[in-house]
Structures are given as C-alpha cells and as structure tokens.
Amino acid sequence: MPVTTIAGRDVHVDDEGFLTDPSEWDRELAAALAEAIGIEMTAEHWKIVEFLRADFATEGETATTRRVQAVGGFPVKQQFELFPKKPAKKMAYIAGLPKPRGCV
Amino acid sequence: MTPIVPSFDDEAGEGRKLAIICSKGNLDMAYPALVLGNAALGEGIEVHLFFTFWGFDMIAKKRMHDLKFSPVGNTAMHMPIGDVRVPQALAPVPGMQAMATSMMKKQIADLGIPEVPEFLDQIVAAGGHLWACRMSADMNKFTDSDLRDDVEGIISATDFIEMTEGAQLLFI
C-alpha cells in the first residue's frame, strides 16, 4: 500500500490517493488534503467533513450525498457549491475516508 | 516526491453529457433513470431527463406520488419468502399490485433511497435538467401547470435532438 507525504507527514493511501487509515487523519491534514484538490476550507466545509467523520465512525461506511442531506442536514445543492462537480468523492477525500460505496 | 493526490479530472470530464429518456411510469422503471442520472451528476456530468409517454407520470403533479409496480407480465417476480416465483395466473389477482408496490417501496426506503418526487428534487438540486415531451403533453392535455414546477420546458422531439448533440443517450 503506498505511503505518501502530505503536510510534511507520511500517510497511507490507496492507489488513487484516498487515506486508508482513518486514525492518521486530523484537521491539519484535512486542510492540506483540501488544498491539494483546490478547495479552501471554510466553517461550512468543516461542518460537513465533521459529519462525515462522525457518521463513518458509527456506520462504518462513507455517507453518500443523499445521506449527507437526509441525515446530516446539508442540502445537496450546498454540497455541490462547496465541493464542486464531484462532491461525494471530494468530501470523502478531505475527510480521510474511502469513496462512498452506495449508489444513491 | 510528488504526493499521491486523486485526479478528480475536473477538466477531462468537461463537456460530457448524459441524456436519459424516461418512457415508463411503473415504479420499478422510474428508478433506473433516477439512480443513473443522480450518479452522473455526482461525477460532474451534465444530465438531461426527458419524460415521454408513461414517463410523464413521474413529473405530473397529480400522478407522481402514486406510481405502481405490477407483477403482471413479470415472470421474474418472486414471492416475499424464498425463491418461489409468483405464478403468472395469480399476478392479476386483486390486491397483488398493491402488495407488490408497497413491498417495493419499503425495500427502497429501507436503503435510504427517496421516493420518486423527492429523488427528482435531489436531481434538480444537483444541477440536473428536466424536460417534458410536447406530444405526450398534447395527448394528456397537460400544460406547464400540471407538471412539476422545475420542469424547464415542454419541448418537441426536434428540440431534444438539438439539445442532446454529442450526449450519451439512455432510453428507459
């Protein structure tokens, strides 16, 4: 499994670059991950990322955009505004989680 | 060494377009278009849904909350328990359609997947475009006011062909 250096530290990632060990994640790293994909984190971004982390901790799966709206309370439209084009993948990447597995 | 960062290919996907023709009003035939359209939007792809013939029921205010699933003619239909197929002679029995519909709705809801109208809300929120077929509107004597407010227009077949130049097409 590849190891890559982000924000001056070594983290384990899959072939695409998604973190594989959620325990290596913290906010400082998340900010660096966001920057690497061209996203500047604001308070609104953090709220969604924190929801994803908390939801993953209890469910063991990354929330889909549908779930981020239905359970997290963040409208799909807002997700697309904050994480343009590919919100599900970008949110998961910044949260240090695998890509969502669900279809909807 | 360059860090490994996912390539979300925002530019490479530019210009990819998907057009889905929704021609069926059965509950089970409504979902494939919604699931695929929604997935495409999540990949940054421009999506157009075109509703025609019975697909109109998905966007007609009076009908969209009441789509049905029928086992009639569906030889793959199973009983709720085991792998026993529903005999086709029983499929048209009164109550069978209601039972099959409510079972399917429950299975879909259990997965956290929204009902058809709410799913279309989500697709529009994600930037999807909804279009209604001129001929179907005329056949049903429907105007804009009979359809979801976010349907962008009642358009002709020619309009649709022009609009979807270069798009990938799905007919459902």
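Below, chain A is the first sequence line, B the second, and so on; all start at residue 1.
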More than 12 foreign heavy atoms under 6.0 Å from CD of A:Glu35: is that the case here? no
I need the minimum non-hydrogen distance between B:Gly42 and A:Pro87, along with the two atoms involved. O-CD, 4.1 Å
Contact class of A:Ala88 relative to chain B, heavy atoms under 4.5 angstrom: neither
Identify the two heavy atoms, one from B:Ala126 and one from A:Phe80, that lie closest to each other, and give their separation to 0.1 Å. CB-CE1, 3.3 Å
Should we say atom CH2 of B:Trp54 is surrounded by more than 12 heavy atoms from elsewhere, each under 6.0 Å from it? no
Determine whether B:Phe50 and B:Met29 fall in the same hydrophobic cluster, where Ile, Leu, Val, Met, Phe, Trp and Tyr are linked whenever their side-chain heavy atoms lie under 4.5 Å apart. no
Cluster overlap B:Ile20 with B:Val35, hydrophobic side-chain contacts below 4.5 Å: yes
Quick one: which of A:Gly17, A:Gly102, A:Gly38, A:Ala36 has the most heavy-atom pairs under 4.5 Å with chain B, could you say? A:Gly17
Within 6.0 angstrom of A:Asp10 CG, more than 12 heavy atoms from elsewhere: yes
May I ask you to list the residues in residues 53-60 of chain A that approach chain B closer than 4.5 angstrom, counting heavy atoms only, ordered by number? none
Any side-chain heavy-atom pair from A:Val104 and B:Pro114 closer than 4.5 angstrom? yes
Are B:Ile172 and B:Phe53 in one and the same hydrophobic cluster, where Ile, Leu, Val, Met, Phe, Trp and Tyr link if side-chain heavy atoms are under 4.5 Å apart? no
Measuring from atom CZ of A:Arg66 to atom CD of B:Glu118, what distance do you get when rounded to the nearest 0.5 angstrom? 4.5 Å
Search all heavy atoms of B:Phe8 against all heavy atoms of A:Lys86 and return the closest pair with its distance. O-NZ, 2.6 Å
For the SG atom of A:Cys103 and the CG atom of B:Leu111, what is their distance to the nearest 0.5 Å? 9.5 Å
Closest approach of A:Ile6 to B:Pro3 (non-hydrogen atoms, all atoms of both residues): CG1-CB, 4.1 Å
Are B:Leu120 and B:Leu27 connected into the same hydrophobic cluster when the rule is that any two of I, L, V, M, F, W, Y join if their side-chain heavy atoms are below 4.5 Å apart? yes
Nearest heavy-atom approach of A:Pro2 to B:Ile4 is CB-CD1, 3.6 Å
Please determine whether residues A:Leu52 and A:Leu29 belong to a single hydrophobic cluster, defined as Ile, Leu, Val, Met, Phe, Trp and Tyr linked transitively by side-chain heavy-atom distances below 4.5 Å. yes
If you count heavy-atom pairs under 4.5 Å with chain A, which of B:Val5, B:Val124, B:Leu36 comes out on top? B:Val5
Would you indicate whether B:Lys105, at its atom NZ, is surrounded by more than 12 heavy atoms from other residues, nucleotides or ligands within a distance under 6.0 Å? yes
